[in-house]
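Notes follow the structure.
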Amino acid sequence: MLQEEAEDFHPEGYRLNVSEEGIALEASTEHGLFNGLMTLRQLMVHRADSEGGGWSLQKVEIEDAPEFAWRGLMLDVSRHFFSPTAVKHLLKTMALFKMNHFHWHLTDDQGWRFPVAKYPNLIRLGAHRRATQQGHSSATDGRPYNHSYTEEEIHEVLSLAESLYIEVVPEFDIPGHSQALIASYPEMGNADSAARWSPEVATHFGALQYTLSPSERSVNFTKDVLSEMAQLFQASPYVHIGGDEVPTAQWEHSPSAMAVARKEHVSLKRLEGMMLGKAAEHLHGLGRKAVVWDDAMESGGHLPDDAVVMIWRSWEGLEKLGNRAFAQGHSVVLAPQAYTYLDQWQDRTHSHFDAIGGFLPLSTVYASPTHAGRAHVLGIQGQLWSEYIREGSRNLDYMAWPRGCALAEVGWSGEGRGRFRDFRQRLAKRLEDFKLYDINLGEM
């Protein structure tokens, strides 16, 4: 039952009653009803001993609502690409655990993955790299790698996400992590910073040196791309514009970049802030909110108050970064590397798929913090960086789940979540669900 006038309901909350008389589900929004249905599905027990199988439900009364509005996963499709089918599979699994934000990292040094009509070279040249780094070595495999999405494929993903009440947050990472863009349109880089200028799509991983030029031409280019991104992702209130790991080496050797810095009365480091500020203001004019990685707070630029900061550098201290965001007037999403970077090892034997390194077991993810100083925390998000997630959808499943389930519970229940032992026992009861939905489960 949908009770749109009910003031006591959280927009995502619901009330579920299972009795001998039947099942009653109430909410004030369709999203709330959907969350209730996901809980109902979770409570259903398959009865293999009954004739022809069947399902049973215990009597129960539940009134529930999430602690945080943002409960999500980020997927990097630049380093290694994931097909629309794989992305849809991830979205369906997210929905089972009431996750409601999908952050789609669509551009980086190693490949550009979405079409921009005004700049076709972004796909024609930027989606293609001549080889890929082999594991953790400096060698490459020598095999061309060429993948991207069509508009139709993106619309299919967006349609499914809408039906699952998942907001999609696309990312166009600037002004660093731009080597694929500059390989497509070399004039958008700092061509006067080197005697020879022949950029190519990156074949190795890591934080690389290519940055966009701070010229008016490059700034207008980013605005054009953002306009088309906003048009393509029409239902997305947020657009991520990166702002992480921006080197200044090319600007330091570029006469034109230094001229822009003098004209704008900023240091070379603050050119990043200038560019991010102009991009964020452009998005604001399009009715969208910018999202940035926390590095952007150090860039000296001005971001609109409604811009959201994603805190990832846990070694800097969540309280310190949260207080900085608060002082600058921004809400935050928690994405700390020490708790939410799901590309790390989850078993000490390293017996399954490869990983970037580190060690992030399920118990640590479940212990994720939910505060960051004085900042207003919108929620929490897991990161699936794909440098080493290279073996397709089953590899992706293994890295995402069940650690993503732990993040989902942290985002839903906050500090009110139970003990890890209880969570693990409840998770074990859903093993049949994982098999039913063909989810390749990681370490329990």
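The first residue of the sequence shown is numbered 1, and numbering continues consecutively from there. Please read these numbers as outputs of a predicted model, since none were measured by experiment.
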Tell me, yes or no, whether the heavy-atom count around [X] atom [atom1], taken from other residues, nucleotides or ligands under 6.0 Å, exceeds 12.
{"X": "H155", "atom1": "NE2", "value": "yes"}
{"X": "E162", "atom1": "CD", "value": "no"}
{"X": "R313", "atom1": "CZ", "value": "yes"}
{"X": "E319", "atom1": "CD", "value": "no"}
{"X": "E152", "atom1": "CD", "value": "no"}

[X] side chain to [Y] main-chain N or O, any donor-acceptor pair under 3.5 Å?
{"X": "H80", "Y": "S386", "value": "yes"}
{"X": "D76", "Y": "W385", "value": "no"}
{"X": "S28", "Y": "P11", "value": "no"}
{"X": "Q328", "Y": "A325", "value": "no"}

Can a cation-pi geometry be assigned to R129 and Y145, taking NZ or CZ under 6.0 Å from the six-membered ring centre and within 45° of the ring axis?
-> yes
**Request:** State whether F359 and R348 meet the cation-pi test: NZ (Lys) or CZ (Arg) under 6.0 Å from the six-membered ring centroid, and within 45° of the perpendicular axis.
**Result:** yes
Checklist entry - Yes or no on side chain to side chain contact (heavy atoms under 4.5 Å, CB included) for E298 and R324, after CA distance, side-chain angles and deciding distance? => result CA-CA 9 Å; E298 300 168 0; R324 183 177 295 161; 2.9 Å; yes
Taking atom types as modelled and ignoring hydrogens, do the side chains of [X] and [Y] form a donor-acceptor contact shorter than 3.5 angstrom?
{"X": "W312", "Y": "D295", "result": "yes"}
{"X": "E167", "Y": "H101", "result": "yes"}
{"X": "H89", "Y": "D397", "result": "yes"}
{"X": "S331", "Y": "H376", "result": "yes"}
{"X": "H177", "Y": "E245", "result": "yes"}
{"X": "D343", "Y": "Y388", "result": "no"}
{"X": "Q344", "Y": "Q346", "result": "no"}
{"X": "Q383", "Y": "T340", "result": "yes"}
{"X": "T39", "Y": "K98", "result": "yes"}
{"X": "H284", "Y": "D306", "result": "yes"}
{"X": "E171", "Y": "W293", "result": "yes"}

For the student: nearest non-hydrogen atoms of [X] and [Y], plus distance:
{"X": "P120", "Y": "A117", "answer": "CD-O, 3.6 Å"}
{"X": "A296", "Y": "L276", "answer": "CB-CD1, 3.7 Å"}
{"X": "A372", "Y": "V377", "answer": "N-CG2, 4.1 Å"}
{"X": "Y339", "Y": "V365", "answer": "O-CG2, 3.6 Å"}
{"X": "E272", "Y": "G243", "answer": "OE2-O, 2.9 Å"}
{"X": "M99", "Y": "I166", "answer": "O-CG1, 3.4 Å"}

Thinking salt bridges, do [X] and [Y] make one under a 4.0 Å N-O criterion?
{"X": "R394", "Y": "D438", "value": "yes"}
{"X": "R113", "Y": "D108", "value": "no"}
{"X": "K59", "Y": "E20", "value": "yes"}

Verify salt bridge (Lys or Arg N to Asp or Glu O under 4.0 Å) between K223 and E281, making sure each step is shown before the conclusion.
CA-CA 10 Å; K223 290 179 180 180; E281 288 292 348; over 6 Å; no
Margin query: Using the ring centroid of each side chain, check whether Y437 and W401 are separated by less than 6.0 Å.
Written below: no
Q) Hey, do the aromatic rings of H240 and F172 have their centres closer than 6.0 Å? A) no
With under 30° as parallel and over 60° as perpendicular, where do the rings of [X] and [Y] fit, or are they tilted in between?
{"X": "F114", "Y": "F233", "result": "perpendicular"}
{"X": "F34", "Y": "Y165", "result": "tilted"}
{"X": "W345", "Y": "H350", "result": "parallel"}
{"X": "Y14", "Y": "W412", "result": "tilted"}

Test log, rule side chain to side chain donor-acceptor pair (under 3.5 Å), inputs D433 and Q42: CA-CA 8 Å; D433 266 356; Q42 178 182 342; over 6 Å; no
>> I23 vs L40, test: side chain to side chain contact (heavy atoms under 4.5 Å, CB included). Steps then yes/no.
In response: CA-CA 9 Å; I23 299 170; L40 187 63; 4.2 Å; yes
Per salt bridge (Lys or Arg N to Asp or Glu O under 4.0 Å), E409 is matched among R403, R417, R426, R71 by R426
Candidate pair M310 and W70, rule side chain to side chain contact (heavy atoms under 4.5 Å, CB included), full reasoning | CA-CA 11 Å; M310 224 164 239; W70 189 304; 3.8 Å; yes
Query - side chain to side chain contact (heavy atoms under 4.5 Å, CB included) between V333 and I380, worked out - result: CA-CA 5 Å; V333 172; I380 192 165; 5.8 Å; no
